[in-house]
Amino acid sequence: MIRKRILSGLLAAIVLISLTPAALAATPTVDDAAQALAALDIMVGDQDGNLNLDKTVTRAEFTKLAVAASPMRESVGDTVSVKPYPDVPQNHWAAPSVKAAVDLGLVQGDLRGNFNPGRSITLAEGVTIVLRLLGYEDSEFTGMWPSGQMAQYRALDLDRGVTCGTNDPMKRQDALFLFYNLLLTKNKSGQYYLNVLEPTLNLVNTAGELDQVALVNSAMEGPIIVSKGWQSQVPFPLSHAKVYRGGSLSTLEAVQEQDVIYWSKSMHSIWAYSRKVTGTFEQISPSASNPTSVTVAGKTYAIETTTAAFALSDLGTYKVGDSITLLLGRNEGVAAVAEPGESPALIYGVVAKVADMPYDDGAGGAYNAQTVTIFATDGNTYNYPYDDKYIQEGNVVRVEMNDGAVKLRGLSSTKISGRVNAAGTTLGAYTLAEDIEIIDIYESCTPLRVYPSRLAGVNLSKEMIRFYALNSHGEISHLILNNVTGDLHQYGVITGVTEFSGGLTTMSTYVYDINGQPGVSSSETTVYNLKAGPCQVKMEGPETVERLYNLNELKVESILDNRVLTKEDRKYTIADNVVVYLQNRDQTYTLSSLARVLEGDYTLTAWYDKPENEGGRVRVIIAR
């Protein structure tokens with residue numbers, strides 16, 4: 001092992017941040033700023049959603065933005081009874097905003113009493129208005145205007161992302177950043193401006209960070225269920241709308257029947273979710289007359305809409321014991337119950353357990369039934385009462401609904417092979433669906449949910465794929481892998497080896513440490529020819545060791561971000577849950593962390609389970 005300089009992009013970033021003045025905040029991105037202002041209905045695009053950020057901003061346009069970002073924004077009407085300025089008549093499109101801005105003390109006319117609505121606004125004028133929104137009075141700034149205002153603008157970090165000069169005309173992108181910065185700036189009273197604007201949401205934390213998810217959630221409306229003519233229920237044209245499906249940017253063509261849709265008119269966006277659950281209607285809570293949650297296939301879901309609540313109540317169509325399909329929304333709440341005859345959920349998975357379980361009979365009593373527990377490709381576990389002696393633990397099955405009843409069908413292995421591309425979007429000649437569901441399985445271990453990015457660059461042989469299914473577009477929608485990633489196993493170090501084979505006696509004992517927990521694995525019949533050092537531990541269930549394997553050594557030249565670089569300039573990705581040990585002078589091991597050993601003066605070796613193109617990762621790092 002050769003001692004080398006250890007590089008870490010992560011640590012470099014930490015050091016940089018620690019040396020940066022607290023007041024120097026990161027420059028926001030255009031996308032983040034645009035999303036936030038659109039969600040708040042402050043700055044929205046044209047009918048096609050375009051923000052036209054390279055165009056200059058007029059005084060009338062900026063005033064409308066300022067009023068939309070003011071506490072008075074909800075009270076501005078479409079008309080005014082008097083003209084606010086001689087050159088802003090009552091029928092001017094900006095008259096209501098200009099009148100509201102006058103009432104708020106945000107704007108003033110020129111020496112002749114005119115507003116000049118069509119003139120480009122300068123940065124100094126825009127900054128003055130924004131400071132007034134923050135509660136600052138013009139009289140607080142000494143010297144000739146706008147020197148005091150511009151000094152305060154810079155002191156408050158309102159200049160992040162703004163590129164125009166003091167007396168330059170502002171472009172829409174400058175206005176975008178100025179108003180975004182306003183939201184995350186404390187007003188004169190010491191409160192973050194956005195929290196004053198939206199007092200019930202608390203969107204900015206004490207560190208000045210915006211909760212972008214909560215902000216977008218607050219802008220969403222819906223849900224509606226995709227069926228014939230559904231687009232007419234969305235209050236804006238969808239031809240140029242941004243479409244997200246399953247959390248990823250998608251297309252309108254990808255939206256399918258029974259998808260659950262949310263929308264934001266100000267953001268010119270829709271979000272589609274496709275998750276369904278088919279199973280036995282087991283329980284309604286707290287009561288059938290006032291339902292707020294429902295249990296189907298052993299899992300409980302909150303009821304999101306009044307339509308779903310009615311369908312599942314004692315006034316609706318469905319009763320405990322029925323086989324139903326739930327359509328789940330953004331937060332896994334029940335948005336609707338699929339009508340009989342509509343496509344049920346396609347659930348593929350592995351049988352984890354077969355055992356008797358109790359059920360509510362819907363009349364105040366209970367009964368027991370043989371139940372199949374399935375770990376599905378969506379990462380969830382479902383229970384299905386099902387009496388079939390041919391369904392056993394480890395079987396790959398599909399859940400379907402026939403004649404109103406849930407059926408389980410055992411599936412044979414399907415053969416496919418190929419390389420997953422670097423983007424994680426194709427497997428050989430097949431495209432991976434945007435909402436593909438993947439699990440990796442091994443013996444009786446709990447299966448692991450896998451995402452396409454984890455498989456990027458991996459060559460999958462036929463033996464590595466237990467099952468796959470295609471959707472109506474010919475894309476792979478479900479994939480069950482056979483011990484591909486190695487992430488199901490545990491990793492550590494073998495600290496002691498005893499092996500003997502002679503005469504009629506064969507035995508072995510291995511002492512090991514896994515994440516700081518000691519253990520012993522013994523055999524009275526087999527010697528595995530293991531050496532002390534980093535190892536992989538394969539389990540039979542959660543507590544029983546199947547056997548141990550030695551890992552493969554890498555000579556570390558450097559570590560950059562999450563990659564080990566070797567002297568031969570080869571790169572190996574470090575596992576997310578890499579185990580790091582300090583090896584002491586007495587050859588004992590102390591559990592450590594990657595961040596800690598990268599900060600010290602250590603000689604490092606890395607150990608991997610198998611090549612990356614077979615799904616391998618660096619599993620253990622030893623620091624000496």
Side-chain angles (χ1 to χ4, degrees), residues 275-285 293-302 320-328 332 334 344-362 365-402 404-414 436-450 466-469 477-485 487-490 538-544 546:
R275 191 169 165 227
K276 307 176 193 175
V277 174
T278 293
T280 302
F281 181 179
E282 296 174 12
Q283 188 176 1
I284 193 78
S285 297
S293 66
V294 60
T295 302
V296 171
K299 289 184 68 67
T300 300
Y301 304 90
V320 169
D322 289 348
S323 295
I324 60 175
T325 296
L326 306 178
L327 307 182
L328 304 182
E332 299 285 280
V334 182
L346 283 177
I347 294 179
Y348 295 91
V350 178
V351 176
K353 182 174 66 173
V354 180
D356 282 352
M357 289 187 181
Y359 289 89
D360 185 345
D361 65 4
Y367 66 95
N368 282 359
Q370 178 176 297
T371 300
V372 178
T373 300
I374 296 174
F375 191 96
T377 51
D378 64 5
N380 291 293
T381 301
Y382 302 101
N383 295 328
Y384 295 97
Y386 199 69
D387 190 3
D388 186 334
K389 64 181 180 180
Y390 296 107
I391 298 293
Q392 300 177 352
E393 291 183 13
N395 288 169
V396 174
V397 296
R398 168 175 156 170
V399 179
E400 53 191 22
M401 190 179 292
N402 289 329
V406 172
K407 300 289 185 182
L408 273 65
R409 182 163 66 89
L411 301 171
S412 301
S413 294
T414 52
I436 187 173
E437 297 176 357
I438 308 172
I439 55 173
D440 196 8
I441 65 175
Y442 177 75
E443 302 296 339
S444 57
C445 295
T446 300
L448 177 73
R449 180 79 187 269
V450 177
R466 184 85 179 270
F467 177 82
Y468 76 99
S477 59
H478 300 79
L479 191 59
I480 299 178
L481 305 175
N482 183 26
N483 192 29
V484 170
T485 64
D487 297 341
L488 286 160
H489 309 307
Q490 299 183 45
K538 290 186 177 179
M539 307 293 291
E540 291 180 350
E543 297 181 356
T544 305
E546 176 192 310

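In this chain, numbering begins with 1 at the start of the sequence shown.
- Atom CG of L488 sits about 10.5 Å away from atom NZ of K538, to the nearest 0.5 Å.
- Taking the side chain as every heavy atom from C-beta outward, V406 and V399 approach each other to under 4.5 Å.
- Partners of R449 under the salt bridge (Lys or Arg N to Asp or Glu O under 4.0 Å) rule, at least two apart in sequence or in another chain, do not exist in this structure.
- For the pair K299 and N380, the minimum side-chain heavy-atom distance is below 4.5 Å.
- Rounding to the nearest 0.5 angstrom, the gap separating the CD atom in E546 from the SG atom in C445 is 8.0 Å.
- With a 4.5 Å cut-off on side-chain heavy atoms, E393 and K353 count as touching.
- Every salt bridge (Lys or Arg N to Asp or Glu O under 4.0 Å) that D378 has, sequence neighbours left out, goes to R275.
- P447 and I439 make their closest contact through CB-CD1, 4.2 Å (heavy atoms, listed as atom of the first residue, atom of the second, distance).
- Side chain of D440 to backbone of V484: a donor-acceptor contact under 3.5 angstrom is found.
- The two residues A376 and I347 make their nearest non-hydrogen contact at CB-CG2, 3.8 Å.
- Here the straight-line distance linking atom OG1 of T414 with atom OH of Y468 works out to 5.5 Å at 0.5 Å rounding.
- Contacts of Y348 classified as ring pair (Phe, Tyr, Trp, His ring centres under 6.0 Å), with partners at least two apart in sequence or in another chain: F467, H478.
- Within the 4.5 Å cutoff, the side chain of V397 has no heavy atoms near those of the V372 side chain.
- Residue M539 holds its CE atom at 5.0 Å from CD of Q490, rounded to the nearest 0.5 Å.
- Between the side chains of E282 and T295, no donor-acceptor pair of N or O atoms lies under 3.5 Å.
- Remark: F281 engages no residue in a ring pair (Phe, Tyr, Trp, His ring centres under 6.0 Å) (not counting sequence neighbours).
- Not a single salt bridge (Lys or Arg N to Asp or Glu O under 4.0 Å) links E443 to another residue, sequence neighbours left out.
- Annotation: side chain of S477 is not in contact with side chain of I436 (no heavy-atom distance under 4.5 Å).
- Under a 3.5 Å cut-off, the side chain of S285 and the backbone N or O of S293 do not form any donor-acceptor pair.
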**OP:** Begin with the C-alpha distance, continue with both residues' side-chain angles, and end with the deciding distance and a verdict on side-chain contact (heavy atoms from CB on, under 4.5 Å) for N483 and I441.
**Re:** CA-CA 6 Å; N483 192 29; I441 65 175; over 6 Å; no
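- In terms of heavy-atom proximity, D360 sits nearest to V320 at O-CG1, 3.7 Å.
- Sequence neighbours left out, the pairs with a member in residues 383-392 that pass side-chain hydrogen bond (donor to acceptor under 3.5 Å, both in side chains) are T373-N383.
- Contact between S323 and A405 at its shortest, heavy atoms only, is OG-CA, 3.7 Å.
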**OP:** Evaluate the criterion side-chain contact (heavy atoms from CB on, under 4.5 Å) for residue pair T377 and I480; output intermediate values, then yes/no.
**Re:** CA-CA 7 Å; T377 51; I480 299 178; 3.8 Å; yes
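- For the pair D322 and T280, the minimum side-chain heavy-atom distance is 4.5 Å or more.
- Residues G394 and R466 come closest through the heavy atom pair O-NH2, 3.0 Å.
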